[in-house]
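The structure presented is a predicted model; accordingly, all values stated were derived computationally and were not measured. All values below come from the heavy atoms of this structure, side chains included, with hydrogens, waters and symmetry mates left out. Numbering of ligands and ligand atoms starts at 1, following listing order.
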Amino acid sequence: MKNKSSLKILVVSILTLSMFLGCVGEDETGLKPYQDPNLPVEGRVKDLLKRMTLDEKIGQMWQASPDLVRTYNNFDEEKARKLVIGYGVGSFLSIVGEDTQKLQKIAVEETRLGIPILFGIDAIHGHALYNGSTIFPMPLALSSSWNPGLIEKTASATAKEVASTGVKWTFSPILDVARDPRWGRIIEGFGEDPYLVSQLGAAKVRGYQGSDLSSQDSILACGKHLAAYSETTGGRDYSPADISERTLMEMFLPPFKEAVNVGVGSIMTSFNEINGVPSTANTDLVRNILKDEWEFDGLVVSDYASVRMLYDTHYVAEDLEDAARCAVEAGVDMEMVSEAYMEHLERLVIDGVVPEKLIDDATGRILKTKFLLGLFENPYGSLDPSVINSRQHRNLALEAAEQSIVLLKNEGILPLKDARSIAVIGPLADDPSNQLGGWTGDQPAENVVTVLDGIKNNAPQRTKVRYSKGCDVLGEFDNIKKATRIARRSDVAIVVVGELENMSSEPNCRVSLNLPGNQGELVRAIHHTGTPVVVVLINGRPLTINWIAENIPAVVEAWFPGQEGGNAVAELLFGKINPSGKLTMTFPKSVGQIPLHYNHYPQKNWDHGKYGKRYVDIEDEPLFPFGYGLSYTKFDYGNLKIIPSKIDKKGEIRISLDVKNVGKIRGDETVQLYLNDVVSSVTTPSKELKGFKKITLNSGEKKNVKFTLTPNELSLVDRSMEWVVEPGIFEVMIGSSSEDLRLKGSFEIIE
Ligand code: NOJ
């Protein structure tokens, strides 16, 4: 046993250390250290944790459902008190506006420690669940812009709108690399390529979070869904991902790693399992890789009730208590909606099953996030309605839509020149609610510019615009005859077809990628009138529009283009803008070809970018490849320089080339750089995107484009599952799409 004087020294030094870390006592103003904004966040977290009971800590680890504070859809003060004071709930899902203020007041003024609540909402393309907000194109659409700067701007506009309704957290961006167009959630993400998803995902994180999380205009981003949620079975949402460790590392983890690198504040675990282990119970993935290896110091939230799913869906937990144990051990800090933590964590800790240090780690991360967001100093935010759907944000929504649209085919009919009469036809030509895409609440129809509106707004004076719906997307309505009549009387027919909003997003998947309902028949009938046709697609996934691609002279992919979509489509039709979008997902010709993505591994009859012939009933080629999209002008590529031609594994390669606009009008080109690690210890895709730059060129203008390749872009996962750069030749391919490669060269990595 230690003698008295050494005990005294120990006590004094602990006290000194505690004071230093700001853990005990109050300052002269009566502020407790955790309340003092001038102390470092780490010290404030430590101080607050020390003051909390186990119960209070566990309360922080729960994100409650909005239903729990509502009766008949109205805010219920009594229920709110019970939850906030009685349970000390740390977060609420999907509560906005006035109700956030009421809940926050209870938390700040009536709870023992006054810990503010963190409100979270899905705001994936604008604050779209909030009535009247600005609705940007859906993320898959926006990814077609290949413009990280633009995406960052839309995210920061979204952050402003979200924060102005009392909410400081959004469950976005989706970082799932999506390779199966049947899966309904591909519209929520940035397409099939891990490099592109990483770059665009990082841009979105920067946009939401800004340079200072505590600023009025910043919100916390959440990278989701860790991991491989998009690698479905049969395209079905929530299905298992049966993938190798290699595929996980090469394909699905890089966007999350990049998000962590740029400081994403939270990560959500996915509903699915990977090789038998549900992500919400996956210690290796969450605790070992995300938190330890990548040193992620933000908070991990489960997906909606995915803790409960461990026992009632995946059956890897005996009961709800066991589910709580699995999730907290795996490193899930906050449970969304289900109540396993709330009901069982305390007992698990008291019984010694779950060490309290895991609770401290989880609660500490949540508190740290709240401190960083400035919630202790400014718990209410500012309810400022003037930012919602402001003129500036509407202009940005238009710019975003303009850059998201992809021109798939043009046999010279676009831009429209002398059309004095235009027939606007199709079930989606004038349907505001089906133009916005999923994760959208009720929105005022007058905020949405449909394609019909856009054509009326942008058509030259005295152009006669006639409209007929023609048929439903799905359903009985059939007025194809009337549609053909107005087509016959017009110089051109714009036929707007596609998918309903609820045919994609969670959990809406499809077995067919054909145009639903009678829309194919409608397009054919209009084509048979002899009037030239432009098909405009409004939809949430690549479609097998083989007949249209072959027979219709112009095809425009508008995706779900958001509230300004109609103006953007019309500007493109009339040549007021020059199309610049490029596909971020391969369009297959048949569902039977899936999976079909450009970055496949070399294989017999399908090597080095050349498609072979293996199906007896269809070609191997896609309908439209990754990176593809037409412009009204043409670009020449030349003068490729790769310096140096040899370098060691740690070196950097500088690549430059010239691009010239050789057409008659100004246009944007997305220059794409693909690499092939020619011979390596393991197989690597025949081409992988490793750089891209979007540039604007006036007619006749030439610009020099530069890329730098670092070991990051050159590394592969070797046989011992390590990321390494291997010596050997790398082939460089640069062009306008993954299939239209204009310049080739190489360099060598030496030991
Ligand atoms: C379930 C979805 O998978 C997730 O993306 C979303 O953020 C949560 N629900 C909350 O709405």
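- Atom 7 (O) of ligand 1 has Asp122 OD1, 2.6 Å as its closest protein atom, hydrogens excluded (heavy atom only).
- Contact atoms of ligand 1 toward Lys224: 4 (C), 5 (O), 6 (C), 7 (O) (distance under 4.0 Å to a heavy atom of the residue).
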Check residues 195-205 and write down every donor-acceptor pair under 3.5 Å in which the side-chain atom is one partner and the other belongs to a residue at least two apart or another chain.
residue : atom : partner : partner atom : Å
Tyr195  : OH   : Lys690  : O            : 3.3
Ser198  : OG   : Pro194  : O            : 2.6
Lys204  : NZ   : Ile124  : O            : 2.8

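- The shortest N or O to N or O distance between Trp439 and ligand 1 is not below 3.5 Å.
- Using a 4.0 Å cutoff on heavy atoms, Glu188 does not count as a contact of ligand 1.
- Taking every heavy atom of Tyr304 and a limit of under 4.0 angstrom, the matching atoms of ligand 1 come to 1 (C), 9 (N).
- Residue contacts with ligand 1 for Arg185 involve side-chain atoms from C-beta outward but no N, CA, C or O (heavy atoms, distance under 4.0 Å).
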task = Run the numbers on Trp146 and Leu583 for side chain to side chain contact (heavy atoms under 4.5 Å, CB included), then give the verdict.
result = CA-CA 9 Å; Trp146 292 61; Leu583 297 178; over 6 Å; no
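- Nearest heavy-atom pair, Ala228 versus Ala241, reported as atom, atom and distance to 0.1 Å: O-CB, 3.5 Å.
- Residues in residues 232-276 take part in these ring pair (Phe, Tyr, Trp, His ring centres under 6.0 Å) pairs, two or more places apart or across chains: Tyr238-Phe271.
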side-chain hydrogen bond (donor to acceptor under 3.5 Å, both in side chains) between His125 and Thr440, intermediate numbers included = CA-CA 9 Å; His125 59 129; Thr440 306; 3.1 Å; yes
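- The residue Tyr238 has no part lying near ligand 1, judged by heavy-atom distances below 4.0 Å.
- Among protein heavy atoms, the minimum distance from atom 8 (C) of ligand 1 is reached at Asp303 OD1, 3.3 Å.
- Ionic pairing of Glu321 and Arg325 is not present here: no N-O contact between side-chain nitrogen and carboxylate oxygen is shorter than 4.0 angstrom.
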